[in-house]
Amino acid sequence: MEHIELFFKSIFVDNMIFAYFLGMCSYLAVSKKVATAVGLGAAVIFVLAVTVPLNWLLDQYILQEGALSWLGPEYADYDLGFLSYILFIATIATMVQLVEIVVEKFSPSLYNSLGIFLPLIAVNCAILGGSLFMQSREIPTLGEAVTYGVGSGIGWFLAILAIAAIREKIRYSAVPPALRGLGITFILTGLMAIGFMSFGGMLTGGDDGEQSPEAVEQAVQPIKKDNDVEVTLKNEHLDQTTTALNQ
């Protein structure tokens, strides 16, 4: 259940584009045609699906404080957290280079269409953001790291695919001259971000659920004790007042 919830949250609620506006440069530059948007989106899915789990392993077994204890007790006090950015970016750059080689080999037309933005995935803030969010949220298992990476990639893919389809349609629409180009694109992005925010209630609503009778009783007990003490004090004060009046 945790995997399903994390998967859909990473796509809709924590969408890299619509929730955090990460990777906007590629999102705006390569979203003029659906074909190029699909190619870049697929590359982002692959890179996130591979780099987030790899960086999780690096974080768990190398970077965290005490992570090197598997090498021996003398390494248990080492903390290499300051190397997170360097190692994360090195992992991302390696995977992007692999993607670039594969795309150039099997789809030269797509490689030429993406141009400089394909190698720039290595410095795409959405890619690095996926690994940093994984680290900051302390995702507990490798399986959940894979789920988060794939979900984040699909979320970014849906965002660029949606805006590319809309931009192809509005090319033949009567857009006001002042809003043509990036102006209408930013407006559409904002409207889609508002739409994606509505998924937050669907995926997080009902998490609390109904409390068990034992939990309700435990919550009520301190209130009962306070009320009993207050009643006792009031009775003692009333008795003292009555005694004074009788005297």
Side-chain angles (χ1 to χ4, degrees), residues 1-27 40-102 116-157 159 193 196 200 203-204 207-208:
M1 187 64 185
E2 291 82 4
H3 289 271
I4 297 175
E5 184 179 359
L6 179 62
F7 179 72
F8 284 104
K9 276 187 176 181
S10 60
I11 293 176
F12 299 107
V13 181
D14 297 329
N15 188 282
M16 289 292 183
I17 290 290
F18 298 135
Y20 303 108
F21 296 99
L22 297 179
M24 290 295 294
C25 53
S26 303
Y27 168 82
L40 184 63
V44 168
I45 292 175
F46 174 79
V47 173
L48 277 172
V50 175
T51 57
V52 172
L54 286 178
N55 287 333
W56 184 89
L57 292 173
L58 288 175
D59 184 57
Q60 292 292 319
Y61 295 104
I62 295 179
L63 298 175
Q64 288 186 8
E65 183 178 359
L68 294 175
S69 57
W70 56 275
L71 292 175
E74 63 273 16
Y75 298 98
D77 296 331
Y78 283 79
D79 183 5
L80 301 179
F82 62 93
L83 296 175
S84 295
Y85 287 95
I86 297 175
L87 292 182
F88 286 179
I89 292 175
T91 303
I92 292 168
T94 303
M95 290 301 104
V96 170
Q97 186 65 33
L98 177 62
V99 170
E100 187 176 1
I101 293 172
V102 172
I116 190 62
F117 292 99
L118 184 58
L120 282 180
I121 294 178
V123 290
N124 190 330
C125 49
I127 306 297
L128 181 59
S131 296
L132 294 179
F133 287 150
M134 170 275 299
Q135 185 185 46
S136 63
R137 294 172 184 176
E138 299 180 352
I139 291 180
T141 64
L142 179 62
E144 291 188 15
V146 173
T147 301
Y148 180 73
V150 173
S152 299
I154 293 175
W156 200 91
F157 172 81
F196 269 61
L203 294 173
T204 59
D207 284 348
D208 296 335

Chemist: Tell me, with the steps shown, if Q135 and L132 meet side chain to side chain contact (heavy atoms under 4.5 Å, CB included).
Modeler: CA-CA 5 Å; Q135 185 185 46; L132 294 179; 4.1 Å; yes

Chemist: Less than 4.5 Å apart, any side-chain heavy atom of V52 and any of I139?
Modeler: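 No - every pair of side-chain heavy atoms lies 4.5 Å or more apart.
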
Chemist: If I compare all heavy atoms of M95 with all of T51, which pair ends up nearest, and what's the gap?
Modeler: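 For M95 and T51, the tightest heavy-atom pair comes out as CG-CG2, 3.6 Å.
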
Chemist: Drop me the distance from K9's NZ to T147's OG1, to the nearest 0.5 angstrom.
Modeler: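 K9 NZ to T147 OG1: 13.5 Å, rounded to 0.5 Å.
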
Chemist: List the atom of T94, the atom of A90, and the distance in Å for their closest heavy-atom pair.
Modeler: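 That would be OG1-O, 2.8 Å.
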
Chemist: So which atom in G23 and which in W156 form the shortest heavy-atom distance, rounded to 0.1 Å?
Modeler: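 For G23 versus W156, the nearest heavy atoms are O-CZ2, 3.6 Å.
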
Chemist: Relative to each other, are the rings of F18 and Y27 parallel, tilted or perpendicular (30° and 60° limits)?
Modeler: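 Rings of F18 and Y27: perpendicular, as their planes differ by over 60°.
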
Chemist: For the CD1 atom of I86 and the CG atom of L63, what is their distance to the nearest 0.5 Å?
Modeler: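 One gets 10.0 Å once the value is rounded to the nearest 0.5 Å.
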
Chemist: If you draw a 6.0 Å radius around CD1 in I101, do more than 12 non-hydrogen atoms from other residues or ligands fall strictly inside?
Modeler: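 More than 12 within 6.0 Å, yes.
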
Chemist: Evaluate side chain to side chain contact (heavy atoms under 4.5 Å, CB included) for N55 paired with L87, printing each intermediate quantity in order.
Modeler: CA-CA 8 Å; N55 287 333; L87 292 182; 5.8 Å; no

Chemist: Can you confirm whether E138 is buried at CD, in the sense that more than 12 heavy atoms of other residues, nucleotides or ligands lie under 6.0 Å from that atom?
Modeler: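 No.
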
Chemist: Given R137 and L6, is the side chain to side chain contact (heavy atoms under 4.5 Å, CB included) satisfied, shown in steps?
Modeler: CA-CA 12 Å; R137 294 172 184 176; L6 179 62; 5.7 Å; no

Chemist: Would you confirm whether the ring centroid of F133 sits within less than 6.0 angstrom of the ring centroid of Y148?
Modeler: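 Between Y148 and F133, the centre distance exceeds or equals 6.0 Å.
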
Chemist: To the nearest 0.5 Å, what is the distance between CG on D14 and OH on Y20?
Modeler: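 Rounded to the nearest 0.5 Å, the CG-OH separation comes out at 4.0 Å.
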
Chemist: If you round to the nearest 0.5 Å, how far is OG of S10 from CD of E5?
Modeler: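 Rounded to the nearest 0.5 Å, the CD-OG separation comes out at 10.5 Å.
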
Chemist: When you measure from the side chain of W70 to the backbone N and O of Y61, does any donor-acceptor pair fall under 3.5 Å?
Modeler: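 At least one qualifying donor-acceptor pair exists.
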
Chemist: Any idea how Y75 and Y78 line up, ring-wise: parallel (<30°), tilted (30 to 60°), or perpendicular (>60°)?
Modeler: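 The arrangement is tilted - the two ring planes meet at 30° to 60°.
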
Chemist: First locate atom CD of Q64, then atom CG of L80, and finally report the distance between them rounded to the nearest 0.5 Å.
Modeler: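 Rounded to the nearest 0.5 Å, the CD-CG separation comes to 11.0 Å.
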
Chemist: With a 4.5 Å heavy-atom cut-off, do F157 and V44 have their side chains touching?
Modeler: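 They are not in contact (no side-chain heavy atoms under 4.5 Å apart), so the answer is no.
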
Chemist: Within the 4.5 Å heavy-atom criterion, are L128 and L22 side-chain neighbours or not?
Modeler: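 Answer no - side chains too far apart.
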
Chemist: Kindly give the heavy-atom pair with the smallest separation between L118 and E100, and that separation in Å.
Modeler: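 Between these two residues, the closest heavy atoms are CD2-CA, 3.9 Å.
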
Chemist: Which heavy atom of S84 sits nearest to which heavy atom of G81, and what is that distance?
Modeler: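 Between these two residues, the closest heavy atoms are OG-O, 2.8 Å.
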
Chemist: Quick check: does any side chain N or O of S69 sit under 3.5 Å from a backbone N or O of G66, one acting as donor and the other as acceptor?
Modeler: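 The answer is yes, because a donor-acceptor pair under 3.5 Å joins these two groups.
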
Chemist: Over all heavy atoms of both residues, which pair between L48 and G149 is shortest? Give the atoms and the distance, please.
Modeler: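 That closest heavy-atom pairing would be CB-O, 3.5 Å.
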
Chemist: Mind running side chain to side chain contact (heavy atoms under 4.5 Å, CB included) on I154 and F7 for me, showing each step along the way?
Modeler: CA-CA 9 Å; I154 293 175; F7 179 72; 3.7 Å; yes

Chemist: Report yes if the side chains of I121 and F46 come closer than 4.5 Å at any heavy-atom pair, otherwise no.
Modeler: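 They are not in side-chain contact.
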
Chemist: Answer yes or no: is there a side-chain heavy-atom contact under 4.5 Å between M16 and N124?
Modeler: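 No, their side chains stay 4.5 Å or more apart.
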
